[in-house]
Amino acid sequence: MRKPSQFDAIVVGAGPSGNAAAYTLAKAGLKVLQIERGEYPGSKNVQGAILYANALEQIIPDFREDAPLERHIIEQRLWVLDDTSFVGTHVRSSDYDKPPYNRYTIIRAQFDKWFSAKVREAGALLICETTVQQLIMDGDQVVGVQCDREAGDVYADVVILADGVNSTLARKAGFHGEIQAGNVALAVKEILFMPEETIRQRFNIGEESGAVIEMVGRITDGMMGTGFLYTNKESLTIGVGCMLGDFKANPSRTSPYVLLEQMKRHPAIAPLIEGGEMKEYCAHLIPEGGFHAIPQVYGNGWMIVGDSGGFVNAAHREGSNLAMTTGRLAAETVIAAKAAGQGYRAERLKAYKTALDDSFVMKDLHKYRDMPGVLHRNPQFFTTYPDLVAQAARTMITVDGVDKKTKEREIFASFRKTRRWSGLMGDAYKLWRAFR
Ligand SMILES: Cc1cc2nc3c(=O)[nH]c(=O)nc-3n(C[C@H](O)[C@H](O)[C@H](O)COP(=O)(O)OP(=O)(O)OC[C@H]3O[C@@H](n4cnc5c(N)ncnc54)[C@H](O)[C@@H]3O)c2cc1C
């Protein structure tokens with residue numbers, strides 16, 4: 001016989017998506033249990049990390065008052081690197097230096113702890129160091145979770161899976177298939193500590209403001225991926241991630257660790273991180289399959305939020321933003337379902353997918369739906385073009401007695417020789433398709 005529900009909802013995981021869901025539910029007066037396998041929220045979580053204010057603002061409007069924020073971002077750089085140089089764009093504005101700030105760097109371990117304290121203040125019960133082993137089914141309805149340790153079996157009206165990329169629970173329950181190496185990136189990152197004053201001088205930033213650099217090109221050794229360097233208060237976060245399938249297929253068998261070490265030695269990067277003392281090193285998967293890889297995200301008594309559902313927009317690296325938004329939307333669906341009193345069958349929880357489709361989450365994923373595939377099939381965007389662009393920039397800027405017309409001819413010839421007209425036209429079309 002089915003056991004009575006002890007909770008309105010169980011949320012598995014205390015990352016941004018789980019915390020957003022648990023907070024929204026508890027704030028609305030629902031009885032919520034949140035289960036986290038880590039020693040504390042944030043202990044298992046990895047992120048660059050840029051926090052986008054918008055999603056959090058909609059959940060905790062006054063979060064700026066006490067959230068552990070490192071620097072608000074006033075400058076965004078995008079670098080295309082060959083082996084010795086970079087060509088880049090910098091977007092910097094004093095408008096970004098005026099509150100309310102739009103983006104911040106954060107340290108995830110501290111941020112997740114803070115968010116979790118808010119969840120508990122709102123009334124949710126959190127248990128840590130407990131792993132949910134599997135979902136409990138009553139026929140085709142999810143009715144609870146089976147945990148390790150003394151928590152045992154716990155029953156609820158609805159279970160929200162916020163257990164991150166590679167969700168074993170959803171796989172075991174058959175909600176989605178095995179994780180595909182072509183749909184996830186493996187990223188490694190380090191936090192390098194150095195005096196605050198050094199960071200301010202090197203990045204030309206103020207006491208509270210910060211700069212971030214996103215990078216593509218030779219640093220990923222021909223694989224589809226990106227690098228990043230973010231300024232925190234007294235540390236820098238540096239990392240690089242490439243598609244897991246590319247690591248497996250890479251003929252030079254470069255490991256993620258070696259890739260990061262090579263990146264740190266790049267002549268454009270090394271001076272920025274020089275003297276930094278490494279205090280944290282971690283590796284994590286990032287869902288990168290995009291729109292086409294989003295599985296079914298709701299069913300009878302269950303919903304999937306955040307990385308567990310593959311909600312990462314590879315074009316903008318806003319995983320936590322999407323995670324918090326999906327967590328909030330799932331929670332709002334449960335709140336409405338409870339108010340309606342008509343149960344938690346898929347027909348009712350479908351409202352979650354409708355809300356996702358109406359939000360920027362699915363609209364942006366749809367807009368960039370072809371991007372992962374196009375870039376993955378065309379490694380020249382990570383090798384040939386960074387080389388050509390950097391060489392072209394050097395040719396134009398170097399003053400050596402050669403007239404500019406001749407230089408332009410040389411540059412066009414180098415592009416034509418390397419990719420031919422047909423290749424160039426095809427690549428332009430592919431880029432348009434990826435970012436249209
Ligand atoms: C290197 C790197 C850099 C990134 N940079 C950025 C960035 O700058 N900005 C950004 O917005 N996003 C970034 N992301 C993406 C972002 O980190 C994720 O999108 C976000 O953490 C997803 O949140 P989540 O709550 O869905 O999952 P997670 O943060 O992974 O949380 C899942 C939680 O569930 C717990 N859990 C898992 N299984 C179980 C279980 N069976 N039982 C109990 N608990 C369980 C885990 O311990 C974990 O705490 C980055 C990711 C990486 C790897």
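All residue numbers refer to positions in the sequence shown, counting from 1. Just follow the structure's listing: the first ligand is 1, and inside any ligand the first atom is 1. Everything numeric here is computed off the predicted structure, so don't read it as measured data.
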Can you confirm, on distance only, whether ligand 1 has an N/O atom lying under 3.5 Å from any N/O atom belonging to E36? yes
I35 heavy atoms, cut-off 4.0 Å: which ligand 1 atoms fall inside? 43 (C), 44 (N)
At the 4.0 Å heavy-atom cut-off, does L51 count as touching ligand 1? no
Element-labelled atoms of ligand 1 that are located less than 4.0 Å from some non-hydrogen atom of G306: 26 (O)
Going by an N to O cut-off under 4.0 Å, is there a salt bridge joining K367 and D364? no
Under a 4.0 angstrom heavy-atom cut-off, which atoms of ligand 1 come close to A49? 8 (O)
Using a strict cut-off of less than 4.0 Å between a Lys/Arg side-chain nitrogen and an Asp/Glu carboxylate oxygen, indicate whether K264 and E190 qualify as a salt bridge. yes
Would you call R436 and D370 a salt bridge, taking side-chain N to carboxylate O under 4.0 Å as the test? yes
Is it true that K98 and D95 have a side-chain N and a carboxylate O under 4.0 angstrom from each other? yes
Please could you name the atoms of ligand 1 that G164 approaches to less than 4.0 Å, counting only its heavy atoms? 27 (O), 30 (O), 32 (C)
With a 4.0 Å cut-off on heavy atoms, is G239 touching ligand 1? no
For ligand 1, find out whether one of its N or O atoms is nearer than 3.5 Å to an N or O atom of T131. no
Looking only at side-chain N and O atoms, does N19 offer a donor or acceptor that is under 3.5 Å from a partner on S116? no
Flag the pair D140 and R345 as a salt bridge only when some basic side-chain nitrogen lies within less than 4.0 angstrom of an acidic carboxylate oxygen. yes
Is ligand 1 under 4.0 Å from a heavy atom in the side chain of Y52, in the backbone, in both, or in neither? side chain
Which residues share a salt bridge (charged side-chain N to carboxylate O under 4.0 Å, His left out) with R120, sequence neighbours left out: none
Against the six-membered ring of Y40, is K113 placed for a cation-pi contact (under 6.0 Å from the centre, within 45° of the normal)? yes
Does any N or O of ligand 1 fall below 3.5 Å from an N or O anywhere on T168, backbone included? no
With respect to R37, determine whether any N or O atom, backbone or side chain, lies less than 3.5 Å from an N or O atom of ligand 1. yes
Yes or no: does E318 have any heavy atom under 4.0 Å from an atom of ligand 1? yes
Which of the atoms of ligand 1 are close to A162, meaning less than 4.0 Å from one of its heavy atoms? 32 (C), 33 (C), 34 (O)
Under 4.0 Å to a heavy atom of G13 - the qualifying atoms of ligand 1, by number: 33 (C), 34 (O), 35 (C)
State, without any angle test, whether H376 and D246 hold a side-chain donor-acceptor pair at a distance under 3.5 Å. yes
Less than 4.0 Å is my threshold; does some heavy atom of R108 fall inside it relative to ligand 1? yes
N/O to N/O below 3.5 Å, does that happen between L285 and ligand 1? no
Would E214 and Y230 count as a side chain to side chain donor-acceptor pair (under 3.5 Å) if you check the C-alpha gap in whole Å, the side-chain angles of each, and the deciding distance to 0.1 Å? CA-CA 9 Å; E214 305 289 351; Y230 300 156; 2.8 Å; yes
Any nitrogen or oxygen of I286, main chain or side chain, under 3.5 Å from a nitrogen or oxygen of ligand 1? no
Purely on distance, is any nitrogen or oxygen of I50 under 3.5 Å from one on ligand 1? yes
Pull out every atom of ligand 1 sitting under 4.0 Å from any heavy atom of V12, numbered as shown with elements. 40 (C), 42 (N), 43 (C)
Enumerated ligand 1 atoms positioned under 4.0 Å from heavy atoms of Y230: 8 (O)
Under-4.0 Å salt bridge between K118 and D66: yes
When you measure from the centre of the six-membered ring of F7, is the NZ or CZ of K31 under 6.0 Å away and within 45° of the axis? yes
Between ligand 1 and S308, is the shortest N or O to N or O distance under 3.5 Å? no
Looking only at side chains, do E288 and N183 share a donor and an acceptor under 3.5 Å apart? no
For atom 24 (P) of ligand 1, which candidate among A187, S17, G319 holds the nearest heavy atom? S17
Please state whether the rings of Y257 and Y281 are parallel, tilted or perpendicular, taking 30° and 60° as the class boundaries. perpendicular
Are any of the heavy atoms in G241 under 4.0 Å away from ligand 1? no
